[in-house]
Amino acid sequence: MEQGGSHKNKDAEKPLLLVSAALIMQENRVLLTQRKRGGHLALHWEFPGGKLHPGESPEQALVREIEEEVGLQIEALTPWAFVSHDYGTFHLLMPLFRVGRFYGTPQALDVHAVAWFELPSLRQLTFPPADLPLLAQLFAEQGLTYP
């Protein structure tokens with residue numbers, strides 16, 4: 001304890017990464033992207049999205065990222081869930097927005113791959129640790145269990 005009754009949090013200097021992600025569903029299928037080779041969590045499947053630029057809201061960042069990564073225009077975003085996850089060298093805070101409408105055909109523009117998956121098949125994929133509670137919540141919403 002430091003003087004004054006407070007304590008120094010040794011994790012306080014850990015970078016905070018704010019990322020927005022999209023839950024895009026169509027006919028009981030969910031759209032996922034696969035991370036590029038060579039980076040952090042390479043080739044893991046995830047909800048599409050990305051980092052906020054300075055001055056962007058989470059929604060603005062998500063609209064931009066989805067267009068850049070998969071070529072879709074999205075709208076009618078509703079906050080659905082969020083995750084807070086410690087990756088050791090940084091802390092991730094990620095709101096997940098349900099997409100009400102989208103236009104276009106998904107393409108792997110700035111990701112390794114993009115694909116539609118029926119929920120049960122998600123159990124066979126590898127996801128970043130931060131996505132696991134979101135998957136459990138999505139499965140529960142559909143009356144299923146994950147994993």
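The first residue of the sequence shown is numbered 1, and numbering continues consecutively from there.
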Close aromatic pair by centroid cut-off 6.0 Å: F90 and H40: yes
Notebook entry, point to check: Are H112 and R35 side-chain neighbours, meaning at least one heavy-atom pair lies under 4.5 Å?
Noted result: no
For residues L32 and V114: do they belong to one hydrophobic cluster (side chain heavy atoms under 4.5 Å, members Ile, Leu, Val, Met, Phe, Trp, Tyr)? no
CG (L122) and CG (L138) are apart, to the nearest 0.5 Å, by 7.0 Å
#### Entry: Joint hydrophobic cluster, F127 plus I24, side-chain heavy atoms closer than 4.5 Å
no
Residues D110, E65; criterion side chain to side chain contact (heavy atoms under 4.5 Å, CB included); working and verdict:
CA-CA 9 Å; D110 194 24; E65 285 283 347; 5.8 Å; no
Flag side-chain contact, heavy atom, 4.5 Å: Q26 against F102:
yes
The side chain to side chain contact (heavy atoms under 4.5 Å, CB included) partners of V19 (sequence neighbours excluded) come to L17, K51, L92, M94
Practice prompt. Using a 4.5 Å cut-off on heavy atoms from C-beta on, say whether the side chain of I74 contacts that of Y103.
Written response: no
Would you confirm whether Q34, through its side chain, and L43, through its main-chain N or O, come within 3.5 Å as a donor-acceptor pair?
yes
Report task. Check the hydrophobic clustering (I, L, V, M, F, W, Y; side-chain heavy atoms under 4.5 Å; chains of links allowed) and say if W116 and W45 are grouped together. Result -> no
Between the CG atom in L96 and the OG1 atom in T78, the distance rounded to the nearest 0.5 Å is 11.0 Å
Going by chain and number, the hydrophobic cluster around L16 (ILVMFWY, side chain to side chain under 4.5 Å) further includes L18, L52, F82, L93
Taking the side chain as C-beta and beyond, is there a heavy-atom pair between S84 and H91 under 4.5 Å?
yes
>> Taking the basic N atoms (NZ, or NE/NH1/NH2) and the acidic carboxylate oxygens, is any pair closer than 4.0 Å for E118 and R29?
In response: no
Side chains of Y146 and Q137: any donor to acceptor distance under 3.5 Å? no
Closer than 4.0 angstrom, basic N to acidic O: yes or no for E141 and R98? yes
One should read off an interatomic distance between F97 CZ and F47 CZ, to the nearest 0.5 angstrom, of 14.0 Å
Under 3.5 Å, is there a donor-acceptor pair between the side chain of E56 and the main chain of H53?
yes
So OG1 of T105 and CD of Q107: to nearest 0.5 Å the spacing works out to 7.0 Å
Q.
Between Q60 (side chain only) and S57 (backbone N and O only), is there a donor and an acceptor less than 3.5 Å apart?
A. yes
Open item on the list: Tell me whether S20 contacts the main-chain N or O of L62 through its side chain, where contact means a donor paired with an acceptor under 3.5 Å.
Closed with: no
| said: Membership question, hydrophobic clusters at under 4.5 Å side-chain separation (ILVMFWY): are I66 and M25 in the same one? | reply: no
Looking at R101 and Q73, would you say the former's side chain and the latter's main chain have a donor-acceptor pair under 3.5 Å? no
